[in-house]
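What follows is a set of notes on a single structure, which appears directly below.
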Amino acid sequence: MHSDPEEAIRLCEQVFIEARQLREPLAQVIAAERYGLIMDHLGRGVAARDALFNAAQTAQSARLTAYEARLLEQIARSYYTAGEYRPAIQYWARCLEVSEQAGHDVRTWILAKIGLGQVYYGLNDYTSGLVLLADAAGRFHEIDDPHLDAKIKINVGVGLAETNHGKEAAAVFLDALEICLQHEYFDYAAESNYRLGQLALADGALDSALDYLGRALPQAAKVSYRWGECNILAIQAEVYAGRKEYALALEKIAAAKAIATADGFGHKLIQHYFAAARYAEAMGDTSTALAEFRHGYDYEQRMLAGTTSERHKDLEEKAGLRPTVSRLLVELANNHLIEEGRLEPAFNLITQEGSRILEVARASIWLLDPQTDTLICRCLYLADKAEHIRETAWRRKDCPAYFERLADHNPLVANDAAHHPNTWELEKLYLEKRDIKSMLIFPIWLAEQTTGILCFEAVGKQRNWTPDDILHGNQLTEVAARVIASYERKLFQQEISALNARMMHANAALEARVIERTASLEKHNAELHALNEQLYDMRNKLQKLEKTAAPSEPIAGGTSASTVE
């Protein structure tokens with residue numbers, strides 16, 4: 001790492017390749033942690049970010065929680081050194097959570113607290129920064145790490161210096177320097193001497209400042225601490241300028257510019273150009289002064305041009321010319337299509353707005369068919385063509401690990417989709433042909449089970465998904481779940497209506513049968529009544545006939561006149 005950092009980088013990259021081939025996650029995350037430290041040490045933390053994200057996703061999948069926390073700390077630092085404070089805060093905050101889950105990983109927890117303190121320093125809130133550093137120092141007794149002790153002290157000293165407590169700051173820097181020299185931490189020794197040189201310069205003690213800086217420079221060079229070398233040379237130039245030795249000042253600032261150019265320290269390079277212009281002007285060399293100023297101005301404009309689109313976006317949002325993400329989400333959630341339960345137009349809207357909100361090339365919704373164990377693409381929006389298409393369905397037997405992961409309620413964050421353990425099955429099946437590098441997948445849950453997914457895909461180059469991306473993706477997934485719920489509720493209502501219609505038809509048929517049966521009974525009863533009447537009449541007639549046909553009664557005391565002899 002110190003004797004030949006470029007060879008160390010090469011070795012780490014070789015481990016990445018072999019670890020992926022052998023499916024050895026632990027080897028990858030160990031190498032990535034070392035790689036991040038080397039790159040940060042060289043001032044190239046941003047260039048290490050993809051490797052750190054890839055290793056962090058591997059550590060999370062393999063449940064290597066302690067390593068995940070350490071990688072998150074380095075990811076946060078890469079954002080901090082680039083001046084991107086919001087993601088730096090988000091990842092350091094996440095690092096604190098994961099380090100606690102890892103069984104109280106105190107060292108990583110302390111590093112995250114130091115990082116958050118440095119963010120406050122970057123925002124010129126040194127008082128709040130010192131409070132966070134005090135939290136870090138308060139747990140230092142739980143570990144035995146002199147390197148971390150020196151780091152805490154140096155950062156505390158910076159805060160004290162910036163809050164006009166120069167003497168206290170100097171004492172802290174001297175304590176840190178003693179630790180560093182004892183343990184041969186040459187990078188932090190250089191940093192301590194550099195800070196002491198700054199304090200001496202502020203006090204006007206120029207000789208003392210040169211003495212500190214003279215010791216700092218070889219210490220930084222010894223371990224290729226390029227960021228430190230760049231800063232030390234710039235302060236040496238200021239000291240020489242304070243002594244009116246402008247030629248020496250120009251010599252030192254030229255060396256600082258060379259490092260800043262070679263290592264990509266853009267903001268430092270601009271400062272160095274303008275400092276060189278001041279020194280040349282002070283010694284009466286107006287042509288050199290003008291040339292240096294022009295170089296600085298041109299470089300500054302080039303850097304600003306690189307952020308112009310983002311700045312325009314911010315200005316348009318503030319002026320109301322561009323809708324904010326929050327506004328887009330609210331408008332989507334309140335759209336009439338969401339509650340109407342018509343899947344196709346609602347899914348088209350969600351994927352189109354989702355692509356816009358997350359700024360991705362592809363956004364899709366897939367529904368799970370439990371009968372066939374298949375994910376069916378219901379809608380895929382292609383941003384570059386502004387059109388919706390369908391994709392081939394995925395079967396569980398073709399990508400079992402992917403399907404297994406969808407049972408988890410949490411989003412699947414695949415910064416490097418081809419090497420993520422839950423998505424690498426898709427490389428030949430899906431990713432490679434479409435040049436998809438990163439995937440962000442949200443299971444859509446209804447009634448405590450996965451009914452589908454909302455998927456966002458980055459093409460061409462790796463996309464390291466941020467906490468904001470995950471937050472907005474979750475919000476879009478909730479909208480998609482509402483659509484499916486509305487659709488199923490509509491189907492249920494249709495089934496109820498159909499059942500009601502069938503019941504009404506059955507009731508009407510039953511009522512008709514009852515009426516028919518009643519009429520039949522009434523007719524039958526009438527016929528029986530008529531028969532009874534006939535029987536009654538016939539019985540009466542019969543009785544009369546019987547009376548008519550019967551012999552007369554004999555007269556008392558006499559004989560019958562009809563008696564035959």
Side-chain angles (χ1 to χ4, degrees), residues 333-350 365-379 390 393 395-396 406-407 409 443-453 477-565:
N334 292 326
N335 192 287
H336 67 92
L337 291 173
I338 304 305
E339 299 300 335
E340 287 181 0
R342 292 186 295 139
L343 294 185
E344 185 173 351
F347 285 172
N348 286 349
L349 177 65
I350 291 170
I365 293 177
W366 305 64
L367 295 184
L368 182 63
D369 182 354
Q371 302 299 322
T372 60
D373 231 0
T374 304
L375 271 174
I376 300 170
C377 180
R378 295 301 302 267
C379 174
R390 297 284 181 92
R395 300 173 298 178
R396 179 183 288 271
L406 298 183
H409 193 283
I444 303 173
W445 275 53
L446 280 178
E448 298 302 318
Q449 62 182 0
T450 302
T451 61
I453 60 170
T477 304
E478 290 174 5
V479 176
R482 281 174 53 200
V483 171
I484 298 172
S486 297
Y487 171 73
E488 293 189 351
R489 183 171 61 249
K490 191 174 180 181
L491 287 180
F492 184 62
Q493 289 170 344
Q494 289 173 350
E495 289 178 5
I496 291 175
S497 297
L499 285 172
N500 285 334
R502 288 171 59 189
M503 287 179 63
M504 291 176 65
H505 179 73
N507 286 336
L510 179 61
E511 187 176 347
R513 290 178 62 191
V514 169
I515 293 171
E516 181 183 352
R517 182 64 174 164
T518 302
S520 176
L521 287 172
E522 288 176 351
K523 181 181 178 182
H524 184 61
N525 286 337
E527 290 175 351
L528 286 174
H529 183 71
L531 286 172
N532 284 332
E533 289 289 335
Q534 289 178 8
L535 287 171
Y536 181 75
D537 289 343
M538 290 177 69
R539 189 177 294 114
N540 286 338
K541 289 179 181 178
L542 181 61
Q543 288 176 352
K544 289 178 181 180
L545 286 172
E546 288 176 348
K547 287 180 180 181
T548 304
S552 301
E553 292 286 340
I555 299 173
T559 60
S560 172
S562 60
T563 302
V564 177
E565 292 293 333

Would you mind writing out the side-chain donor-acceptor pairs for residues 528-537 within the sub-3.5 Å range, not counting sequence neighbours?
unit_1: N532; atom_1: ND2; unit_2: L528; atom_2: O; d: 3.2

Would you tabulate the side-chain donor-acceptor contacts of residues 479-489 under 3.5 Å, counting partners in other chains and residues two or more places apart, or write 'none'?
unit_1: R482; atom_1: NE; unit_2: E339; atom_2: OE2; d: 3.1
unit_1: R482; atom_1: NH1; unit_2: A333; atom_2: O; d: 3.1
unit_1: R482; atom_1: NH2; unit_2: A333; atom_2: O; d: 3.1
unit_1: R482; atom_1: NH2; unit_2: E339; atom_2: OE2; d: 2.4
unit_1: S486; atom_1: OG; unit_2: I338; atom_2: O; d: 3.4
unit_1: S486; atom_1: OG; unit_2: E339; atom_2: OE1; d: 3.3
unit_1: S486; atom_1: OG; unit_2: R482; atom_2: O; d: 2.9
unit_1: S486; atom_1: OG; unit_2: R489; atom_2: NH2; d: 3.3

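The CD1 atom of I376 lies 8.5 Å from the CG atom of L368; values are rounded to the nearest 0.5 Å. One distance of note links CG of L337 with CG of L349; it measures 6.0 Å at 0.5 Å rounding. In this structure, the separation between OG1 on T477 and NE2 on H409 is 9.5 Å, given to the nearest 0.5 Å.
In terms of modelled atom types and a separation under 3.5 Å, the side chain of R390 and the main chain of R378 share a donor-acceptor contact. When atom types are taken as modelled, the side chain of T374 and the backbone of D369 share no donor-acceptor pair closer than 3.5 angstrom.
Residues P443 and I453 share a closest heavy-atom pair of CA-CG2, 4.2 Å. Scanning both residues, C379 and F347, for their nearest heavy atoms gives SG-O, 3.6 Å. Here the closest heavy-atom approach between residue T450 and residue L406 is recorded as OG1-O, 2.9 Å.
Sorted by first and then second residue, the salt bridge (Lys or Arg N to Asp or Glu O under 4.0 Å) pairs with a member in residues 501-511 form an empty list; sequence neighbours excluded.
In this structure, E340 and K490 have side chains that are not in contact, with every pair of non-hydrogen atoms separated by 4.5 Å or more.
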